[in-house]
Number of protein chains: 2
Amino acid sequence: MNIHLSLLPMRTRDTNKENSIRKQAIEMVVKEGLDGFSMQKLAKAAGVSPATLYIYYKDREDLINQIATEISLRLMESSLQGIHPKMSFADGMEIQWKNRLKFYLENMDEMEFIEQIRYSPLYETIRQVIRQKFGDVLGSFVMNAINRGEMMPLPFEVYWAIAFAPLYQLIKFHSQGRSHANDEFTINDEMVNMTLKLVLKALKP
Amino acid sequence: MNIHLSLLPMRTRDTNKENSIRKQAIEMVVKEGLDGFSMQKLAKAAGVSPATLYIYYKDREDLINQIATEISLRLMESSLQGIHPKMSFADGMEIQWKNRLKFYLENMDEMEFIEQIRYSPLYETIRQVIRQKFGDVLGSFVMNAINRGEMMPLPFEVYWAIAFAPLYQLIKFHSQGRSHANDEFTINDEMVNMTLKLVLKALKP
DNA sequence: TTTAAAAGTGAATGAATATTCATTTATCTT
DNA sequence: AAGATAAATGAATATTCATTCACTTTTAAA
């Protein structure tokens, strides 16, 4: 982005505005839900004319989509950091758990934004982008583990359901606990390690 | 509902209308997301005047809340059907898995409706109603299993994350697969049994 | 310093929004 | 049959919505 191949002069984009729009959009969706979000409110919150939003984004749907896609891709890249094909299954799993957890905790607003979109019809496009970009890597990680006898041979969906759904559930408990006084659950490393150990026990042949 | 203590005559409520409103609301939210839902569109789809909606429901938020709460309570009641305190942990788990799966498959639209709400700020109230009504039962089910040495002693959240998140993930894969040609995942009993077995293996001491 | 081009704007548009209100309609008891 | 009451309505309200447009501002190369 922001690279212009043309030799013609032009006004440069204000990255402060770009960031402010992004940040306020995320905050608004998290606080008021997808249906509490509007372009006019966003423009006001970001200190920008409504018309400016349409310079950055084609329309409302495109705005939500671009922001959500960018976050999702960052999450996936983060979660695969430090993964090598030769690595043992248990090590690979532990790294992915740590990576995902770290990303979540460091980007809670972004992740709650994604949660709002994830179950709405808007998310379908993003799901496809992710699958196209990371499907192979994740698939071969599982296949290797099975071939090496480190993991039970399982359909991919069963594997994923056991391997990651519990982590996401813990994170969900954590972020629900954030906003509520009588719900004191807070995630911690010990708990995560405990859960990961159980998950690995389940998947071992 | 529909019980009048007054002795005075009055016009009776049309239950067809009531059901039609409910059904169309669910369908609309599932198809177009929470922010694609509006009172006027609902009124038209249900063949009813907009004003009629305000006889049944205080306002838009109340409408969503009432429908979502009613569905959630039905799910919880279903999932505890046939559960007895003397039952072994494994049996109790299997029954709950079967009950939840059955309810989901028989009420897919309702459940996808709930998914839309679940991550929005609207869901907080419902979460509390559920906890208040079923928290004790679920809590003592876990405590019994631990005391009898049938299950590892775990924080409730860790237990839940391992015990049910994988099931929900499978169901999510299934309902995503429904609408997409190149995504052929379909849930079946064999797969569910396989996953449950792994989960029980993880939780066994 | 001129200038082309994109960035950025405020005000306006028309459609859609939630909700209300003055009426009419259906129902049950008497 | 009469009448009281709540159900049900269509039209109207004021607001908010996404989006557009004619216009001004900023930029950087020439």
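Numbers restart at 1 for each chain; the letters A, B, ... are given by sequence-line order, proteins then strands.
Per the geometry, CZ belonging to Phe37(B) stands 17 Å off P belonging to dC17(D), to the nearest Å. The distance from atom CE of Met39(B) to atom P of dC17(D) is 17 Å, rounded to the nearest whole Å. Atom C1' of nucleotide dA7(C) and atom CG of Asn16(A) are separated by 14 Å, given to the nearest angstrom. The separation between Glu18(B) atom CD and dA7(D) atom C1' is 12 Å, rounded to whole Å. Across the protein-nucleic acid pair, Asp35(B) atom CG and dC17(D) atom P stand 12 Å apart, rounded to whole Å.
Between Ser120(A) and Tyr119(B) the shortest side-chain heavy-atom distance does not fall below 4.5 Å.
Remark: Lys31(B) pairs with Glu27(B) by the salt bridge (Lys or Arg N to Asp or Glu O under 4.0 Å) rule, at least two apart or across chains. Taking Lys98(A) as the reference, Glu94(A) meet the salt bridge (Lys or Arg N to Asp or Glu O under 4.0 Å) condition, with sequence neighbours excluded.
At its two ends the helix from dT1(C)-dA30(D) to dT30(C)-dA1(D) runs along axes set 20° apart, each axis drawn from five pairs and the angle rounded to 10°.
A salt bridge does not link Glu157(B) to Lys172(A): none of the charged side-chain nitrogens sits closer than 4.0 Å to a carboxylate oxygen. In this structure, Arg118(A) pairs ionically with Glu115(A), as a charged nitrogen and a carboxylate oxygen lie closer than 4.0 Å. Note on Glu77(A) versus Arg74(A): no salt bridge recorded, every NZ/NE/NH1/NH2 to OD/OE distance being 4.0 Å or above.
Applying the side-chain hydrogen bond (donor to acceptor under 3.5 Å, both in side chains) test to residues at least two apart or on different chains, none of the pairs has a partner in residues 48-58 of chain B. Counting only residues at least two apart or in different chains, side-chain hydrogen bond (donor to acceptor under 3.5 Å, both in side chains) contacts with residues 33-42 of chain A comprise Glu32(A)-Lys41(A), Asp35(A)-Arg60(B).
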How does each nucleotide of nucleotides 8-16 of chain D score, in 5' to 3' order, for protein heavy atoms under 4.0 Å: base (B), sugar-phosphate only (S), or none (-)? BBB------
